[in-house]
Amino acid sequence: MAQQTDVKAQSRASSGVIFEGRTRVKGMIIAPTSSAGNVTIADGGTNVFTVQTVANGEAFNCLIPADGILFSTNVSVVLVNTSVTVFYG
């Protein structure tokens, strides 16, 4: 199987843009805080999906199968009581 593109990573502890431009999200590592929260991933302001977290939970992987999810405009995150590392490319 041929490599599609280099995979990059961006970590954030607050809401904001991960990457400007067209890309595919391949997976994430999500680290909850002491309170329940969530991570919402958006494409150009349109929410694509949300992952809920539990209070005092351990960091966990969120794997996205196959070629990942295509984001046409940009990848941004809204973080509530979490931090995240997003893998994209």
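None of the values given here were measured: they were computed from a predicted structure.
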*Treating Ile, Leu, Val, Met, Phe, Trp and Tyr as nodes and any side-chain heavy-atom pair under 4.5 angstrom as an edge, say whether V78 and V86 lie in one connected cluster.*
no

Show me, pair by pair, the donor-acceptor contacts under 3.5 angstrom made by side chains of residues 51-59, not counting sequence neighbours?
from	atom 1	to	atom 2	distance (Å)
T53	OG1	G37	N	3.1
T53	OG1	G37	O	3.2

*Can you run down the ring pair (Phe, Tyr, Trp, His ring centres under 6.0 Å) pairs that involve residues 56-89, sequence neighbours left out, and say none if there aren't any?*
F19-Y88

*Within the side chain of D43, is there an N or O that forms a donor-acceptor pair under 3.5 Å with the backbone of T73?*
yes

*Taking all non-hydrogen atoms of both residues, which atom of S14 and which atom of V77 are closest, and how far apart?*
O-CG2, 4.4 Å

*Heavy atoms, side chains only, cut-off 4.5 Å: are T82 and T33 in contact?*
no

_Nearest 0.5 angstrom please: I29 CD1 to S83 OG, how far?_
10.0 Å

*Can you see which heavy atom on D67 is nearest to which on K26, and at what distance?*
O-NZ, 3.4 Å

_Residues which pass side-chain hydrogen bond (donor to acceptor under 3.5 Å, both in side chains) with T50, listed by chain and number, not counting sequence neighbours_ = T40

*With sequence neighbours left out, what residues match T85 under side-chain hydrogen bond (donor to acceptor under 3.5 Å, both in side chains)?*
S11

_Interatomic distance, R22 atom CZ to N74 atom CG [nearest 0.5 angstrom]_ = 13.5 Å

*Between CG on residue L70 and OG1 on residue T23, distance to nearest 0.5 Å*: 8.5 Å

_Go through it in stages, so that I can follow the logic: the residues are V84 and L79, the test is side chain to side chain contact (heavy atoms under 4.5 Å, CB included), and I'd like the CA-CA distance, side-chain angles, deciding distance and then a yes or no._
CA-CA 8 Å; V84 66; L79 304 176; 3.7 Å; yes

_Heavy-atom side-chain contact between V25 and I64 under 4.5 Å_ = yes

*Candidate list I41, N61, L63, test side chain to side chain contact (heavy atoms under 4.5 Å, CB included), partner M28, passing option*: I41

*Do the side chains of V48 and V80 join up, straight or via other hydrophobic residues, at under 4.5 Å, putting them in one cluster?*
no

_Applying ring pair (Phe, Tyr, Trp, His ring centres under 6.0 Å) as the test, list every pair that has at least one member in residues 32-57; sequence neighbours left out._
none

